[in-house]
Amino acid sequence: MIKLKQNKGITLITLILDIIIMLIISSVILYNANTAISTRALNDMYKDITIIKDKVDIYYAQYGTLPIIKTLYTNVENIKNININDNEQYYVVDLEILENITLTYGKGYKEYKQAPNDEKTDLYIINEQSHTVYYVEGITLDNISYYTIPNEYTKVKIPEVNRLKLNRLNNNIATLELYAINKNVGIQKINLYKGNDIYKTYEYTDVIKEPKQEIIDVELVFYEESNFHIEIIDTKGNSTTSETITLRNEDIISTKEDLYSLAKVVNSGNTLEGKQIKQINDIDLEGSQDNEWTPIGNYEQNENYYFAGTYDGKGHTISGLYINNNVGYKALFGKNIGTIQNVVLKVEDENNIIEICSVNTGIINNCINNSNKVTQDNQEIQD
């Protein structure tokens with residue numbers, strides 16, 4: 001009896017052990033299978049990103065822009081291993097632009113393109129500055145989530161803009177000195193901006209890693225503030241901008257734009273009292289029915305619009321001044337209480353008499369008006 005019980009006991013223990021072993025083996029097999037699936041998925045993501053990155057590089061080199069859906073993507077807080085060179089601008093890669101590619105993931109871009117939604121995650125996104133590509137949904141392996149190809153990122157030093165400074169201001173020409181350096185990857189391009197528009201571009205075929213200096217003259221319109229800054233672009237497409245320099249020409253008339261600007265300033269209520277205005281070139285206003293002249297100090301419109309500064313024509317000619325015959329007061333200056341001197345007014349149409357000034361309570365000195373063949377010298381012309 002004892003022997004029989006012992007045999008039964010051994011059989012039961014063996015059975016239990018066998019079950020335990022089978023469970024362990026099943027778990028190992030299941031774990032290995034899941035691991036294999038996750039590993040394959042991760043490798044597929046790596047392949048996708050490699051393909052996309054190669055295509056993006058080619059596209060960027062050809063067009064100078066990224067192949068993206070131009071809606072800022074902000075759902076990036078879960079992404080790990082962010083490139084330290086990233087800025088805050090992320091966009092969904094428009095895979096439709098990158099022709100002839102076959103990917104495993106990222107097909108959500110089509111829905112996103114139709115209706116942008118940051119909650120969508122089956123997307124490949126790219127950083128505007130570093131051009132690093134990420135898969136938003138990520139792939140998890142051994143409880144670790146991966147979103148891009150692992151890399152130990154080194155901080156890339158974007159170009160240093162040491163200075164944009166005013167070197168000289170002469171007449172209505174400002175000489176600016178552009179100075180920049182990027183020893184890390186080199187400078188590819190320098191853009192000088194006047195306001196929001198590019199005024200001048202310097203492109204370099206060789207990688208410039210030493211300090212780069214450019215000198216450029218810029219023309220300033222009379223009394224209009226001109227804001228200048230420079231943008232430095234390195235050979236990886238990273239860019240940075242300088243601080244803004246604001247310049248204003250307050251005393252030189254050189255072009256027809258300057259003369260129109262003078263009239264605009266005075267006819268906005270600024271009498272320019274105490275200002276010395278000098279004309280340094282002959283000026284053709286190129287007037288026409290579509291481009292009529294409004295007198296400087298258009299008192300007909302507003303009695304407070306008058307000129308109170310000193311305008312010195314320096315013997316230069318003003319021509320091409322057109323005023324409709326129906327206008328009551330036809331003159332270069334509407335109302336003057338300041339000084340107008342050394343102006344030569346040339347009017348081609350002898351039947352169209354235009355005065356140098358309509359109403360004057362100031363000084364008109366040594367001015368020639370060929371429309372009525374009059375030399376005005378120290379005269380006060382009253383209404």
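Please read these numbers as outputs of a predicted model, since none were measured by experiment.
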Roughly how far, to the nearest 0.5 Å, is NZ of Lys107 from CG of Leu123?
-> 12.0 Å
Could you tell me which residues satisfy side-chain contact (heavy atoms from CB on, under 4.5 Å) with Thr102, sequence neighbours excluded, listed by chain and number?
-> none
For Asn143, does its backbone N or O pair with a side-chain atom of Thr140 as donor and acceptor, under 3.5 Å?
-> no
Exercise: do Gln129 and Gln89 side chains pair donor with acceptor under 3.5 Å = no
Keeping the roles fixed (side chain from Asn291, backbone from Glu286), state whether a donor-acceptor pair exists under 3.5 Å.
-> yes
Partner residues of Tyr59 under the ring pair (Phe, Tyr, Trp, His ring centres under 6.0 Å) criterion, sequence neighbours left out | Tyr63
Residue pairs involving residues 267-285 (criterion salt bridge (Lys or Arg N to Asp or Glu O under 4.0 Å); sequence neighbours excluded) = Glu250-Lys275
Give the C-alpha distance, both sets of side-chain angles, the deciding distance and a yes or no for ring pair (Phe, Tyr, Trp, His ring centres under 6.0 Å) between Tyr311 and Phe333.
-> CA-CA 10 Å; Tyr311 188 95; Phe333 285 82; 5.6 Å; yes
Determine, stepwise, if the pair Glu355 / Lys330 fulfils salt bridge (Lys or Arg N to Asp or Glu O under 4.0 Å).
-> CA-CA 6 Å; Glu355 298 177 300; Lys330 300 169 67 174; over 6 Å; no
Test salt bridge (Lys or Arg N to Asp or Glu O under 4.0 Å) applied to Lys53 and Asp57, step by step = CA-CA 6 Å; Lys53 189 68 172 67; Asp57 288 346; 2.9 Å; yes
What distance do Ile37 atom CD1 and Leu141 atom CG have between them, rounded to the nearest 0.5 Å?
-> 11.5 Å
Just do the side chain to side chain donor-acceptor pair (under 3.5 Å) check on Thr132 and Asn83 with the steps written out, would you?
-> CA-CA 7 Å; Thr132 305; Asn83 189 337; 2.8 Å; yes
Could you state whether Ile337 and Ile296 fall into the same hydrophobic cluster, counting links through intermediate Ile, Leu, Val, Met, Phe, Trp or Tyr residues with side-chain heavy atoms under 4.5 angstrom apart?
-> no
Could you give all pairs that pass the salt bridge (Lys or Arg N to Asp or Glu O under 4.0 Å) test and reach residues 89-100, with sequence neighbours left out?
-> Asp94-Lys113, Glu96-Lys113
Any chance you could lay out the side-chain contact (heavy atoms from CB on, under 4.5 Å) test for Leu220 and Leu169, step after step, and finish with the verdict?
-> CA-CA 10 Å; Leu220 306 176; Leu169 181 59; 3.6 Å; yes
Sidechain-backbone polar pair: Asn43 side chain, Thr39 backbone, donor-acceptor under 3.5 Å = yes
Please check if Tyr306 and Leu332 belong to a single hydrophobic cluster, counting links between Ile, Leu, Val, Met, Phe, Trp and Tyr side chain heavy atoms closer than 4.5 Å.
-> no
Ala174 backbone acceptor or donor facing Asn249 side chain under 3.5 Å = no
Looking only at atom types and distance, does a side-chain atom of Asn281 sit under 3.5 Å from a main-chain N or O of Ile283, one as donor and one as acceptor?
-> no
Does the Asp48 side chain pair with the main chain of Thr104, one donor and one acceptor, at a distance under 3.5 Å?
-> yes
Return the set of residues passing side-chain contact (heavy atoms from CB on, under 4.5 Å) with Glu203 (not counting sequence neighbours), or none when no residue passes.
-> Lys189, Thr201
Identify whether the distance between the nearest side-chain nitrogen and carboxylate oxygen of Lys120 and Glu111 falls below 4.0 Å.
-> yes
Does the Thr317 side chain pair with the main chain of Val344, one donor and one acceptor, at a distance under 3.5 Å?
-> no
d(Ile340 CD1, Ile356 CD1) to nearest 0.5 Å is 8.0 Å
All heavy atoms of Pro67 vs all of Leu98, minimum pair found to be CG-CD2, 3.7 Å
So, Glu128 and Asn87: side-chain donor and acceptor under 3.5 Å apart, yes or no?
-> yes
Value rounded to 0.5 Å, distance of OH in Tyr299 from CG in Asn267 | 12.0 Å
Shortest non-hydrogen separation from Ser254 to Asn172 and the atoms involved = CB-ND2, 3.1 Å
Ignoring hydrogens and angles, tell me if any N or O in the side chain of Asn336 forms a donor-acceptor pair with the backbone of Gly338 under 3.5 Å.
-> yes
Atom pair NZ/CD1 of Lys55 and Ile97 - distance to nearest 0.5 Å = 13.0 Å
Under 4.5 Å between side-chain heavy atoms, chaining through other members, with only Ile, Leu, Val, Met, Phe, Trp and Tyr counted: pull out the rest of the cluster around Ile252, sorted by chain and number.
-> Ile280
Residues Thr175 and Asp217: side-chain donor-acceptor under 3.5 angstrom | yes
Does the pair Ile230 and Asn191 meet the rule for a side-chain contact (heavy atoms from CB on, under 4.5 Å), with working shown?
-> CA-CA 6 Å; Ile230 53 174; Asn191 291 323; over 6 Å; no
Of all residues at least two apart in sequence or in a different chain, which pass the side chain to side chain donor-acceptor pair (under 3.5 Å) check with Asn270?
-> none
What heavy-atom pair brings Trp293 and Ala263 nearest, and what distance separates the two atoms?
-> CH2-CB, 3.9 Å
Residues that His131 engages under ring pair (Phe, Tyr, Trp, His ring centres under 6.0 Å), provided they are two or more places apart = Tyr60
Residues in side-chain contact (heavy atoms from CB on, under 4.5 Å) with Ser268, at least two apart?
-> none
For the residue pair Val56 and Leu66, what are the closest heavy atoms and their distance?
-> CG1-CD2, 3.9 Å
Could you check His316 against Gln279 for side-chain contact (heavy atoms from CB on, under 4.5 Å), going step by step and ending with a plain yes or no?
-> CA-CA 7 Å; His316 294 290; Gln279 181 179 335; 3.4 Å; yes
Partner residues of Thr255 under the side-chain contact (heavy atoms from CB on, under 4.5 Å) criterion, sequence neighbours left out | Glu219, Glu257, Asp258
What do the steps show when you test Leu259 against Lys256 for side-chain contact (heavy atoms from CB on, under 4.5 Å), and what is the final call?
-> CA-CA 5 Å; Leu259 207 50; Lys256 69 180 190 323; 5.5 Å; no
Single-linkage hydrophobic cluster, 4.5 Å side-chain cutoff, Val76 and Leu72 together | yes
Find out if a path of hydrophobic residues (ILVMFWY) with successive side-chain heavy-atom gaps under 4.5 Å connects Tyr134 to Ile126.
-> yes
Assess whether atom NZ of Lys47 is packed by more than 12 heavy atoms of other residues, nucleotides or ligands within 6.0 Å.
-> no
Do the side chains of Leu103 and Tyr73 join up, straight or via other hydrophobic residues, at under 4.5 Å, putting them in one cluster?
-> yes
Supply the atom-to-atom distance Leu95 CG to Ile52 CD1, rounded to the nearest 0.5 angstrom.
-> 5.5 Å
In terms of heavy-atom contacts, does NZ of Lys194 have more than 12 from other residues, nucleotides or ligands at under 6.0 Å?
-> yes
If you take all heavy atoms of Ile245 and Leu164, which pair is closest and at what distance?
-> CD1-O, 2.5 Å
Just wondering, more than 12 heavy atoms not from Lys80 lying within 6.0 Å of its NZ?
-> yes
With sequence neighbours excluded, residues passing ring pair (Phe, Tyr, Trp, His ring centres under 6.0 Å) with Tyr135 = Tyr105, Tyr124
Which pairs with one or both residues in residues 195-247 pass ring pair (Phe, Tyr, Trp, His ring centres under 6.0 Å), sequence neighbours excluded?
-> Tyr193-His229
